[in-house]
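Here the structure comes first, spelled out in structure tokens, and everything after it is commentary.
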Amino acid sequence: MLLVLAGAGAVLLPLPVSWTGPVDWPRVALLAGLHACWESFAQGVPSPFRRGLQRLRALLRRSTPLSGPEPAPGPGSFLPVLFAGVLMLPPGAAALVALPAMATGAEPERLRRAFNAAQLAVAAWTAAVLFRRLEGPRLLLGARYPAALLPALVAVLAFCLVNGALVTGVRLLAERRADRRGRAAIALPGPAALLHALGGLLMAVLWQGPYGGFAAVLALLPLSVSAWVLAQGQREWSAHRATVEALVQAVEIKDAYTRGHSERVGRASVLIAGQLGMAGERLRTLHFAGTLHDVGKLGVATELLRRNGPLTEAERRAVEVHPEYGHELVRGIDFLGEAHAAILHHHERMDGRGYPHGLAGDRIPEFARIIAVADAFDSMTSTRSYRRGRPVAEAVAELRRCAGSQFDPVMVDALVAAVDRHGWQPVLPAADPADADVPDIPLGVPEPAPRVSAGGGR
């Protein structure tokens, strides 16, 4: 991160390659202001001018500005103004356009905000240098199309690759993930960057043509609306996630042994679904379902959840009602969709001897079959009140033994493949003197009694 900050400082020094050509300072200032405003707009936070007015008004009234929780940053940056600067300004001046993000970005941490501004400055400088080396300004001012499009495309690709490489490098250094190739793919340029590039090219052409800067700003309106809608969607998703986390926290406060279990089941469910090719909105809903699968335990007596000995038949039935409690708790939350059925049926078995409805085979919802495997796997590899956590290999052997009777074999195979690929590291609960009494017994789930329905069938 410090190297990127130093690089951003270097490109802003008055080196000959940075300041070739006259600098139109009013244009630089206008583009920098536009970039800061549109960036705030896309992130769903007040613009720097609005925040400045609020501070000025509070100063004049000699009062403290109203404060509240900072809104979460949006999913991405608004780059057309920055791309237009790359195409219209010398390299050093193009880098300057990115700097207001250091003071006005939505990131709460100043160092991260500075890195974001520095990475954009370095990427803009690199792209502007390449654009000039390919005679881009001469072709663009002469309206020589399509020849002018090639240097613009090269500049945009250079911007995206440099920006993506810097982001990927910082993520790998910060997170130290084992699957580094998968992380690298996340930061590569996507369709959104190319759409922003077209917006930047249109803005540069209009600004330098007979229509002037006002027409160039008007051309940004469609992309601005799109960015605003995306930011609102991100904020709505953040609200959904906060709702789920609040429910999970309530469960984990009730039973310390399940702390972290809900999140790990959600993560394991996503790993299984990834092996099955599931993606998009269904994958997100499945993560919610896995995370919330035990929310019904809020309705179960705490002493039963923490019992480290065998349960009586009546106590066991009192615990087994938690899927129905959970379904009742979340039935009014519309965004959960398929998660409702998954929470209700995640203790069904493939042979029909599960609960609460005794569904069998494909009659069990797909999400529930996934969560059943993820739930059992995390339960076996984590220390609970009735048994110490077992090694991953032993848990996998137990899942394979029960595949076809208790678990869907397809889901078991998917989990095993995902664990082989990504690994699995359960987070054990904090050490407690009571843990010394937890029995260290091998796995071996006793078969439940056959379930007899009112009509006499299973």
Side-chain angles (χ1 to χ4, degrees), residues 1-43 45-52 55 70 73-74 76-132 155-156 158-167 169-170 193 196-197 199-200 203-204 207 213 216-217 220 224 227:
M1 183 176 288
L2 292 177
L3 286 175
V4 177
L5 294 175
V11 301
L12 294 173
L13 291 176
L15 299 176
V17 69
S18 299
W19 300 101
T20 49
V23 178
D24 185 348
W25 289 107
R27 180 178 293 184
V28 173
L30 185 55
L31 284 172
L34 288 174
H35 173 63
C37 290
W38 257 267
E39 183 75 4
S40 299
F41 187 67
Q43 298 284 347
V45 300
S47 71
F49 295 110
R50 183 178 172 186
R51 277 178 278 172
R55 292 195 183 96
E70 290 289 334
S77 294
F78 189 80
L79 300 175
V81 178
L82 205 54
F83 286 145
V86 166
L87 302 182
M88 292 192 294
L89 299 173
L96 272 178
V97 174
L99 289 189
M102 183 182 297
T104 62
E107 290 285 353
E109 297 179 21
R110 290 184 180 180
L111 184 59
R112 182 177 295 183
R113 205 186 305 164
F115 172 79
N116 290 342
Q119 76 181 43
L120 291 177
V122 171
W125 181 85
T126 307
V129 168
L130 279 177
F131 187 64
R132 286 180 169 263
V156 168
F159 180 96
C160 293
L161 290 174
V162 170
N163 188 55
L166 293 175
V167 172
V170 166
H196 286 198
M203 190 176 177
W207 198 308
V217 174
L220 288 177
S224 304

### Task
Start with the C-alpha gap between Met203 and Leu31, add the side-chain angles, then the distance that decides, and say whether side-chain contact (heavy atoms from CB on, under 4.5 Å) holds.
CA-CA 11 Å; Met203 190 176 177; Leu31 284 172; 4.0 Å; yes
#### Entry: Pairing residues for Val217 by the side chain to side chain contact (heavy atoms under 4.5 Å, CB included) criterion, not counting sequence neighbours
Leu34, Trp38
### Query
Distance from Leu120 atom CG to Leu79 atom CG, nearest 0.5 Å?
6.5 Å
### Message
Looking at every heavy atom in both Pro91 and Ala128, which two are closest together, and how far apart are they?
### Response
CA-CB, 3.6 Å
### Query
In Å, rounded to the nearest 0.5 Å, how long is the span from NE2 of His196 to CG of Leu82?
11.5 Å
### Message
Show the nearest heavy-atom pair for residues Ala127 and Ala158, with the distance to one decimal.
### Response
CA-CB, 4.5 Å
### Query
Which heavy-atom pair separates Pro80 from Gly199 by the least distance, and what is that distance?
CB-C, 4.1 Å
### Query
If you look at every heavy atom in Ala117 and Leu99, which pair is closest and at what distance?
CB-O, 4.2 Å
### Query
CG/Leu89 to CG/Leu96 distance, rounded to the nearest 0.5 angstrom?
9.0 Å
### Message
Using the ring-ring contact (aromatic ring centres under 6.0 Å, His included) criterion, which residues pair with Phe83? Sequence neighbours excluded.
### Response
Phe159
### Message
Minimum heavy-atom separation for Ala123 and Val162, please, with both atom names.
### Response
CA-CG1, 3.8 Å
### Least distance between heavy atoms, Ala94 atom then Gly85 atom
CB-O, 3.8 Å
### Query
Once you round to the nearest 0.5 Å, how far does NE2 of His35 lie from CG of Leu30?
13.5 Å
